[in-house]
Protein chains: 2
Amino acid sequence: MANEQTSYSAVTCVNCNLDKLCIPKGLDPSDVGELALRVNRNNIRQKGEVIYHAGSTFRGIVALRSGSAKLLSYDGDGNELIVDFILPGELLGFDGFAKQTHNCTAIALETVNFCHLPAYRLDMLVGNTSNLSHILLQRSCDQFDFQVQKALFNRRTAEERVAYFIVALSDRLKLRGYSEMEFRFSMSREEIGNYLGITQETVSRIFHHFQAMNMIEIKAKRLKIIDKKKLSS
Amino acid sequence: MANEQTSYSAVTCVNCNLDKLCIPKGLDPSDVGELALRVNRNNIRQKGEVIYHAGSTFRGIVALRSGSAKLLSYDGDGNELIVDFILPGELLGFDGFAKQTHNCTAIALETVNFCHLPAYRLDMLVGNTSNLSHILLQRSCDQFDFQVQKALFNRRTAEERVAYFIVALSDRLKLRGYSEMEFRFSMSREEIGNYLGITQETVSRIFHHFQAMNMIEIKAKRLKIIDKKKLSS
DNA sequence: CGTACAATTGAACGAAGTCAATTGGTGTGG
DNA sequence: CCACACCAATTGACTTCGTTCAATTGTACG
């Protein structure tokens, strides 16, 4: 956001001025030394340049040293949604950890300097792919991914949200061995509306509308999906 | 969502039918046995009962075995926002990891049965508070918390969003040693609008309005905050 | 200094919200 | 087992906030 021209030549995590914000915050001092040895420093990008791309393989965690960046995601129609603005000392890359593929793109908003902890070295520190630390970090990142997804469809119309909600719930139930075409809501209209960011009245009207269009049959909390394909669009 | 009455008596993570979804998914088989020894099983809550409360100390990760739940957060005015609906095999509790205090509440939507991995046992498996695994998990959960925060203020009016954006940015810059009262935006109006879920025109109008109210002075990308207190309300 | 893009400003429209009345479902006690 | 009460869901009428479209002004950079 502002200009700060420092000589980074001799800087490591051990004497970095961002140690109260970045990964070292709260980290055991001995581990900071360990970390410093594994981080690539002084990566530069100019304004508008990409730090990493959605769809690319996860290559590790990025820590911004100076400048600012935007983290964005794309919806189905290619519209971009800015998930976060990144300032010095903040971390980037968690969007690629769970699936090992980034689902966000990071772009510099001005000249940036960043450090990079490569994935394979991250594994050396955190442990291999199948141990618990790794799995929990993965699950946590999953939840983050999901929140990004949710933010994306919060841009859509009320109808699209409700349709998406039904389809997503159906898919999740199927995965758990329940019927994907017929099930019972355990939540009220108000709770659905709250979750989707619309009112219960709107939920009700849209259910009615979908029924009129022969996509679903709904009676109180029982739902029967007639045309899941139509619903998905 | 549906009824499934199984005898859970002899069930451990090793032979649980949710092993393709829950923590064990992707976990090394030897670690699953390890995990099984540390998990408390057969915790029951009835419809409407709380699994954990916002504000309470983090006590570990919860894995839903049957039933469904809602995960919700409260805004400043006590309005609830449903962050997620939880189905069997899904995990709960990451909202408490970063700050060691839950910022969400989990409530059963119907009778639920869940497993519980206590925090101190989690530490035994993941390592102590200051090692890298722990820190990274914490940072990742931080990002999750932030997305929840963002979802919360997406319910607010365009004016509140813009005000919040300015204040939050000011605070973040201050934390990094920059001036909190006067700075330069590195992002365009369009990017601000995209981030806040409103159009650039609306951003522009609201900036103008805040200036007319003597809360800020804005000229192109330079912003000067006149009355931060007023802006925060 | 001019060009291209960014930001502002205005006017009209529309999707979803609000408020209010009605209907429907469920569980409980007579 | 029915009837009542209570809460959930539906439906309608009206309002509003923010969008959209379009025209204009401002700003940065070659």
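In what follows, every chain begins at residue 1, and chains take the letters A, B, ... in the order their sequences are listed.
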Enumerate the protein-to-nucleotides 11-19 of chain D contacts in which both atoms are nitrogen or oxygen and the separation is below 3.5 Å.
from	atom 1	to	atom 2	distance (Å)
D:dT11	OP2	A:His208	ND1	2.9
D:dG12	N7	A:Arg205	NH1	2.9
D:dG12	O6	A:Arg205	NH2	3.4
D:dG18	OP1	B:Ala158	N	2.6
D:dT19	OP1	B:Thr199	N	3.3
D:dT19	OP2	B:Thr199	N	3.3
D:dT19	OP2	B:Thr199	OG1	3.0
D:dT19	OP2	B:Thr202	OG1	2.4

>> Quick check on the helix from C:dC1-D:dG30 to C:dG30-D:dC1: what's the angle between its two end axes, five base pairs per end, to the nearest 10°?
In response: 40°
>> Which label fits B:Phe207 and B:Phe185: parallel for a plane angle under 30°, tilted from 30 to 60°, or perpendicular past 60°?
In response: parallel
> Rounded to the nearest 0.5 Å, what separation is found between the CD atom of B:Glu80 and the CD1 atom of B:Ile107?
Replying inline: 6.5 Å
> Which value, rounded to the nearest 0.5 Å, describes the distance between A:Glu160 atom CD and A:Ser233 atom OG?
Replying inline: 9.5 Å
>> If I take atom NZ in residue B:Lys221 and atom P in nucleotide C:dT8, what distance separates them, rounded to the nearest angstrom?
In response: 10 Å
> When the ring centroid of B:Phe183 is compared with that of B:Tyr178, is the distance short of 6.0 Å?
Replying inline: no
>> Counting only heavy atoms from other residues, nucleotides and ligands, does the tally under 6.0 Å from CZ of A:Arg59 exceed 12?
In response: no
> Could you give the CZ-to-P distance, from B:Arg222 to C:dA7, as a whole number of Å?
Replying inline: 15 Å
>> Rounded to whole Å, please give me the gap between CD1 in B:Ile192 and P in C:dA6.
In response: 13 Å
>> Please verify the inter-ring angle class for A:Phe97 with A:Phe58; under 30° counts as parallel, over 60° as perpendicular, anything in between as tilted.
In response: perpendicular
>> I need the B:Thr105 OG1 to B:Leu72 CG distance, nearest 0.5 Å.
In response: 5.5 Å
> Do B:Phe153 and B:Tyr164 have ring centres separated by under 6.0 Å?
Replying inline: yes
> So, for A:Arg156 and A:Asp77, which heavy atoms are closest and what is the spacing to 0.1 Å?
Replying inline: NH2-OD2, 3.1 Å
>> If I take atom CE in residue B:Met187 and atom C1' in nucleotide C:dC5, what distance separates them, rounded to the nearest angstrom?
In response: 19 Å
> Atom CD of A:Glu190 to atom C1' of C:dT18: distance rounded to whole Å?
Replying inline: 14 Å
>> Rounded to whole Å, please give me the gap between CG in A:Asn154 and C1' in C:dA16.
In response: 14 Å
>> If I take atom CZ in residue B:Phe207 and atom C1' in nucleotide C:dT8, what distance separates them, rounded to the nearest angstrom?
In response: 13 Å
> Quick one: A:Arg189 CZ to D:dA8 P, roughly how many Å, whole number?
Replying inline: 12 Å
